[in-house]
Amino acid sequence: QVQMDESGGGLVQAGGSLRLSCATSGTFFSISTLGWYRQKPGKPREMVATSTNGGSTNYADSVKGRFTISRDNAKDTMYLQMNNLKPEDTAVYYCNAKPLGTTYDFWGQGTQVTVSS
């Protein structure tokens, strides 16, 4: 079975930092494009950051310079380091994996990040 479990969310003041983790199970991790997405109240889910299996990264303009996606293939775990958090970063954050050569799309259950002013 495939399992993806986010952790590290919580309540933080503006300007603070959080690190989200996504621990996974299965054989897909090292050959997947990985990503973090978020969903704000009343809005569709949006891309925050992605990382290919070759290490190329991409970020939403709103988080460039503040967030960093990383992956540890040996641990089948992905991370999102979030610095200088802003109230508009408040959302439910989801980890995602898309194995290369497939149409599969795996998602975690989401973790709440709330940034107060």
Side-chain angles (χ1 to χ4, degrees):
Q1 64 177 14
V2 172
Q3 184 171 312
M4 302 181 66
D5 297 317
E6 300 100 332
S7 63
L11 175 64
V12 65
Q13 292 186 1
S17 298
L18 287 172
R19 188 177 77 158
L20 306 183
S21 299
C22 180
T24 72
S25 62
T27 61
F28 64 92
F29 189 88
S30 64
I31 50 81
S32 294
T33 294
L34 306 175
W36 287 95
Y37 295 74
R38 66 187 181 189
Q39 188 166 21
K40 302 176 181 179
K43 300 294 184 180
R45 197 170 296 183
E46 62 182 352
M47 187 274 289
V48 175
T50 59
S51 174
T52 71
N53 65 320
S56 179
T57 58
N58 187 49
Y59 296 91
D61 288 342
S62 60
V63 307
K64 286 181 179 177
R66 300 189 297 120
F67 291 10
T68 302
I69 187 172
S70 61
R71 60 196 294 166
D72 187 338
N73 289 337
K75 297 173 63 176
D76 289 345
T77 301
M78 58 189 293
Y79 306 93
L80 184 69
Q81 179 66 46
M82 304 185 294
N83 297 326
N84 192 23
L85 283 160
K86 303 176 179 180
E88 53 262 42
D89 295 319
T90 295
V92 177
Y93 284 72
Y94 300 87
C95 58
N96 170 261
K98 296 180 174 63
L100 296 177
T102 79
T103 59
Y104 299 139
D105 198 12
F106 302 128
W107 294 91
Q109 81 287 347
T111 185
Q112 177 71 47
V113 171
T114 302
V115 184
S116 65
S117 60

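For this chain, numbers begin at 1 and follow the sequence in order. In this text, all values refer to a predicted model and were calculated from it rather than measured experimentally.
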Any chain of hydrophobic side-chain contacts (each under 4.5 Å) joining [X] to [Y]?
{"X": "Tyr79", "Y": "Val63", "answer": "no"}
{"X": "Val113", "Y": "Val48", "answer": "yes"}
{"X": "Trp36", "Y": "Val92", "answer": "no"}

How long is the straight-line distance from [atom2] of [Y] back to [atom1] of [X], given to the nearest 0.5 Å?
{"X": "Asp76", "Y": "Thr27", "atom1": "CG", "atom2": "OG1", "value": "9.0 Å"}
{"X": "Asn58", "Y": "Thr33", "atom1": "CG", "atom2": "OG1", "value": "11.0 Å"}
{"X": "Phe29", "Y": "Cys22", "atom1": "CZ", "atom2": "SG", "value": "7.5 Å"}
{"X": "Thr24", "Y": "Met4", "atom1": "OG1", "atom2": "CE", "value": "6.0 Å"}
{"X": "Lys75", "Y": "Ser21", "atom1": "NZ", "atom2": "OG", "value": "8.0 Å"}

Give me the atom names and distance for the closest heavy-atom approach of [X] to [Y].
{"X": "Pro99", "Y": "Ile31", "answer": "CB-CD1, 3.7 Å"}
{"X": "Leu80", "Y": "Ala49", "answer": "CD1-CB, 4.3 Å"}
{"X": "Thr77", "Y": "Ala23", "answer": "OG1-CA, 4.0 Å"}
{"X": "Arg66", "Y": "Leu85", "answer": "NH1-CA, 3.9 Å"}

Validation row: Asp89, Met82 side chains within 4.5 angstrom (heavy atoms):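 The answer is no, as the side chains (C-beta and beyond) never meet within the 4.5 Å cut-off.
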
Check whether any side-chain heavy atom of Phe106 sits under 4.5 Å from a side-chain heavy atom of Phe28, and report yes or no.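 A side-chain contact exists here, since the closest heavy-atom pair is under 4.5 Å.
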
What is the ring orientation for Trp107 with Tyr94, classed by angle as parallel under 30°, tilted 30 to 60°, or perpendicular over 60°?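 Geometry flag for Tyr94 against Trp107: perpendicular rings.
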
Can you pull out every side-chain hydrogen bond (donor to acceptor under 3.5 Å, both in side chains) where at least one residue sits in residues 40-49? Sequence neighbours excluded, please.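 Found Arg38-Glu46.
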
So, the side chain of [X] versus the backbone of [Y]: is there a donor-acceptor pair under 3.5 Å, distance only?
{"X": "Arg71", "Y": "Thr52", "value": "yes"}
{"X": "Thr90", "Y": "Val115", "value": "yes"}
{"X": "Ser51", "Y": "Ser70", "value": "no"}
{"X": "Tyr59", "Y": "Ile69", "value": "yes"}

Residues 5-20 side chain polar contacts: donor-acceptor under 3.5 Å, at least two apart:
{"residue": "Asp5", "atom": "OD2", "partner": "Gln3", "partner atom": "NE2", "Å": "2.5"}
{"residue": "Glu6", "atom": "OE1", "partner": "Gln109", "partner atom": "N", "Å": "2.9"}
{"residue": "Glu6", "atom": "OE1", "partner": "Gln109", "partner atom": "NE2", "Å": "3.3"}
{"residue": "Glu6", "atom": "OE1", "partner": "Gly110", "partner atom": "N", "Å": "2.9"}
{"residue": "Glu6", "atom": "OE2", "partner": "Cys95", "partner atom": "N", "Å": "2.9"}
{"residue": "Glu6", "atom": "OE2", "partner": "Gly110", "partner atom": "N", "Å": "3.2"}
{"residue": "Ser17", "atom": "OG", "partner": "Asn83", "partner atom": "OD1", "Å": "2.9"}

Below 4.0 angstrom, N of the basic side chain to O of the carboxylate: do Asp61 and Lys64 qualify?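 A salt bridge is present here (some side-chain N lies under 4.0 Å from a carboxylate O).
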
